[in-house]
Novice: 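Got a structure here, written out as structure tokens. Questions coming.
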Amino acid sequence: RLFLFVSECPHIRPAPRMSPEALQALACSFLQHGFVVIHDALSPEELRVVRHECDAVTARYAAIAGHPLSSDVEEDDEDCETNITHEHHGSMEWLSTNFGCVLEVPGCCECCVDDWDATSGGYRRKTCLVTGGAPPATTRKDDAPKNTELKNTPSVDEMLRPNGALGAIATAMLHTFCARQQTLHSNPEQHHTQSKQNQNQNQHVCLFNDQYIVKPPNSLTARFGWHADSQWCDGSATKRKRADHEIENENVTAPYVSLWTALDDVDASNGCLRVLPYPAFGKEAVLNGSTEPGEDGLDGETGSTPGGGAKRYASHEARASLYRQNPAQLDRLSITRWCGDSTGKQVTLATKALRDVQVIAMKAGAILCMSHRVLHCSGPNASQTLRRAWMPQFSRGAVLRREGETVKPVALAVALGNI
């Protein structure tokens, strides 16, 4: 079972509040549906730290856009809720129009420009003017910060590392993409060899993206249409002219997961995510020992068979291939469903096509873990406050772009152990 694999690999350890059995259940659900929701994934202190950095990054982007935020905004004493609203700073539509609501952490300040790169990281430093400022040890005005609290305050980087709250979850979910590394053999010697291979492969789990997604208040433009996170690299071999010859660009893809972490309570009113799970795959099967892993679209295992084979779920790729509509068609169906000019038949057809869509309402501190192949979207923020989320992405190896003979990371490629 998956939890046996996880528990035997020293590089994969459950988050402090999660057992191997809990990770097993999450991995199985993730493989079947393309996503899984993890409630209370962040502790209150971890949530406070990430919110503090998110607000600092938002203030930095505000300055870049020419809309500096005032420094008198304070956090709520009890719940660490932001008090930044359009009433404090006027329209914050620039978050959507200038940046598409996506605020990248690496390189957002000027102090770390020369001290980090895509493969080694180093952009989140104690001396950084944006990400280096730790939140006060207490948010209550009548309490002085305590040195013991300061020492125990978790850092954002710690959450991303292999044993961190997000790093452990991401690593376990990424193993559902690789059949060769998942197979559990009934022969103990084969299983021991496989575990060693898993340990080596796990060293290549990378932080691929590190970003905040902040939707401005009362914004109709702060929405994301239907998409899969990796659709940007589907059929990605392109050509462009340079000087007097053509250069071929090609994305060398690797599986990756997005850990969409709610920093505020989210629901349909402030632009939570809507996810269309993988369609049901009616071909769960048992592969005998001679079958190549991944053949017939089958991948992640659920256990071993008496004959030494492995029972596997259909792979992420096989499941995603069963979607009946592409993102553009889902966008049109979404409009049809609510458009006043649509006929009754059109509305019925659209409703049927979208009936499996799940509205993911979550409390702050919860994580929505998504495969790079699962379809999802989000609506506008109709509330009076910012809607903040943190979405680091983790890949199974580096996600690369080849330009001619040059190969370089598309974004980050920082091994979790080096963060």
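For clarity, every value in this text was computed on a predicted model and none was experimentally measured.
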Novice: I need the minimum non-hydrogen distance between Glu46 and Leu42, along with the two atoms involved.
Specialist: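 Of all heavy-atom pairs spanning Glu46 and Leu42, the closest is OE1-CA, 3.4 Å.
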Novice: Drop me the distance from Phe35's CZ to Ser371's OG, to the nearest 0.5 angstrom.
Specialist: 11.5 Å
Novice: Give a yes or no answer on whether the side chain of Asp55 reaches the backbone of His52 with a donor-acceptor pair at less than 3.5 Å.
Specialist: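 The answer is no, because no donor-acceptor pair under 3.5 Å joins these two groups.
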Novice: Taking all heavy atoms of Ala364 and all of Asp265, pick out the closest pair and write down the distance.
Specialist: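 That closest heavy-atom pairing would be N-OD1, 2.8 Å.
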Novice: Could you pull out the closest heavy-atom pair between Pro380 and Arg223, with the gap in Å?
Specialist: CG-NH2, 3.6 Å
Novice: List the atom of Leu166, the atom of Leu259, and the distance in Å for their closest heavy-atom pair.
Specialist: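 Distance-wise, the nearest heavy atoms are O-CD2, 3.5 Å.
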Novice: Could you check Gln325 against Trp226 for side-chain contact (heavy atoms from CB on, under 4.5 Å), going step by step and ending with a plain yes or no?
Specialist: CA-CA 10 Å; Gln325 289 86 22; Trp226 283 101; over 6 Å; no
Novice: Would you confirm whether Ser321, through its side chain, and Ala318, through its main-chain N or O, come within 3.5 Å as a donor-acceptor pair?
Specialist: yes
Novice: Is there side-chain contact between Val266 and Trp260, with heavy atoms separated by less than 4.5 Å?
Specialist: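 The answer is yes, as the side chains (C-beta and beyond) meet within the 4.5 Å cut-off.
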Novice: Do the side chain of Lys215 and the main chain of Arg387 share a donor and acceptor less than 3.5 angstrom apart?
Specialist: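 Side chain of Lys215 to backbone of Arg387, a donor-acceptor pair under 3.5 Å: no, none is there.
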Novice: Are any side-chain N or O atoms of Asp331 and backbone N or O atoms of Gly225, one a donor and one an acceptor, separated by less than 3.5 Å?
Specialist: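 A pair under 3.5 Å: no.
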Novice: Quickly, which of Gln32, Arg373, His316 forms a side chain to side chain donor-acceptor pair (under 3.5 Å) with Tyr278? Name it, please.
Specialist: His316
Novice: Please evaluate residues Val102 and Phe224 with respect to the criterion side-chain contact (heavy atoms from CB on, under 4.5 Å), reporting the C-alpha separation (whole Å), side-chain torsions for both, the decisive distance (0.1 Å), and the verdict.
Specialist: CA-CA 11 Å; Val102 179; Phe224 293 83; 4.2 Å; yes
Novice: Heavy-atom distance under 4.5 Å between the side chains of Pro217 and Gln384, does that happen here?
Specialist: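 Of all side-chain heavy-atom pairs linking Gln384 with Pro217, none is under 4.5 Å.
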Novice: Between Thr176 (side chain only) and Met173 (backbone N and O only), is there a donor and an acceptor less than 3.5 Å apart?
Specialist: yes
Novice: With sequence neighbours left out, what residues match Ala328 under side-chain contact (heavy atoms from CB on, under 4.5 Å)?
Specialist: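 side-chain contact (heavy atoms from CB on, under 4.5 Å) check on Ala328 returns Asn326, Arg332.
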Novice: Starting at CG of Leu207, measure out to OG1 of Thr119 and round the result to the nearest 0.5 Å.
Specialist: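 Here the rounded value is 12.0 Å.
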Novice: Give a yes or no answer on whether the side chain of Asn209 reaches the backbone of Pro392 with a donor-acceptor pair at less than 3.5 Å.
Specialist: no
Novice: Got a sec, which residues hit side-chain hydrogen bond (donor to acceptor under 3.5 Å, both in side chains) with Gln211, two or more places apart in sequence or on another chain?
Specialist: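 By the side-chain hydrogen bond (donor to acceptor under 3.5 Å, both in side chains) rule, Gln211 matches no residue at all.
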Novice: Compare every heavy atom of Asn270 with every heavy atom of Ser383, then report the nearest pair and how far apart it is.
Specialist: OG-CB, 3.8 Å
Novice: When you measure from the side chain of Asn418 to the backbone N and O of Cys206, does any donor-acceptor pair fall under 3.5 Å?
Specialist: no
Novice: Decide side-chain hydrogen bond (donor to acceptor under 3.5 Å, both in side chains) for Tyr123 and Asp210; before the verdict, give the C-alpha distance in whole Å, the side-chain angles of both, and the deciding distance to 0.1 Å.
Specialist: CA-CA 11 Å; Tyr123 55 85; Asp210 191 353; 2.6 Å; yes
Novice: State plainly whether the residues Arg388 and Asp264 are in salt-bridge range, i.e. N to O under 4.0 Å.
Specialist: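 Result for this pair is yes, salt bridge flagged.
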Novice: Do Ile169 and Phe394 make a side-chain contact, defined as non-hydrogen atoms from C-beta onward lying under 4.5 Å apart?
Specialist: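 A side-chain contact is absent here, since even the closest heavy-atom pair is not under 4.5 Å.
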Novice: Got Tyr212 and Leu263 here, is their nearest side-chain heavy-atom distance under 4.5 Å?
Specialist: yes
Novice: Is any side-chain heavy atom of Pro279 closer than 4.5 Å to one of Arg324?
Specialist: no
Novice: With distance as the sole test, does Arg60 use its side chain to make a donor-acceptor pair with the main-chain N or O of Cys108 at under 3.5 Å?
Specialist: yes
Novice: Before giving the answer on side-chain contact (heavy atoms from CB on, under 4.5 Å), spell out for Val275 and His33 the whole-Å C-alpha distance, their side-chain angles and the decisive distance to 0.1 Å.
Specialist: CA-CA 10 Å; Val275 180; His33 303 293; over 6 Å; no
Novice: In sequence, state the C-alpha distance, the side-chain angles, and the governing distance for Arg274 and Val359, and then conclude on side-chain contact (heavy atoms from CB on, under 4.5 Å).
Specialist: CA-CA 5 Å; Arg274 300 167 189 263; Val359 179; 3.3 Å; yes
Novice: Considering only heavy atoms from C-beta outward, does the side chain of Cys54 approach that of Val214 to under 4.5 Å?
Specialist: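 When only atoms from C-beta onward are counted, Val214 and Cys54 do touch, with a gap below 4.5 Å.
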Novice: Taking atom SG of Cys369 and atom CG of Leu174, what is their separation to the nearest 0.5 Å?
Specialist: 8.0 Å
Novice: Side chains of Thr131 and Glu53 only: does a donor on one sit below 3.5 Å from an acceptor on the other?
Specialist: no
Novice: If I compare all heavy atoms of Cys272 with all of Ala361, which pair ends up nearest, and what's the gap?
Specialist: SG-N, 4.5 Å
Novice: I'd like to know if the side chain of His372 reaches the main chain of Tyr256, judged simply by a donor and an acceptor atom lying under 3.5 Å from each other, with no hydrogens or angles considered.
Specialist: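 Side chain of His372 to backbone of Tyr256: a pair is present.
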Novice: Would you give the length of the straight line joining atom CZ of Arg125 to atom OG of Ser155, rounded to the nearest 0.5 angstrom?
Specialist: 14.5 Å
Novice: Roughly how far, to the nearest 0.5 Å, is the CD1 atom of Ile213 from the OG atom of Ser378?
Specialist: 7.5 Å
Novice: Indicate whether the side chain of Asp267 and that of Ser269 have a donor and an acceptor atom separated by less than 3.5 Å.
Specialist: yes
Novice: Report yes if the side chains of Met362 and Ile367 come closer than 4.5 Å at any heavy-atom pair, otherwise no.
Specialist: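 Met362 vs Ile367: side chains apart.
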Novice: Check for a donor-acceptor pair, side chain of Tyr323 on one end and backbone N or O of Leu375 on the other, with a separation under 3.5 Å.
Specialist: yes
Novice: Working to the nearest 0.5 Å, report the span between CG of Asn163 and CG of Leu416.
Specialist: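 One finds 10.0 Å between CG of Asn163 and CG of Leu416.
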Novice: How about Phe177 and Val257: do any of their side-chain heavy atoms sit closer than 4.5 Å?
Specialist: yes
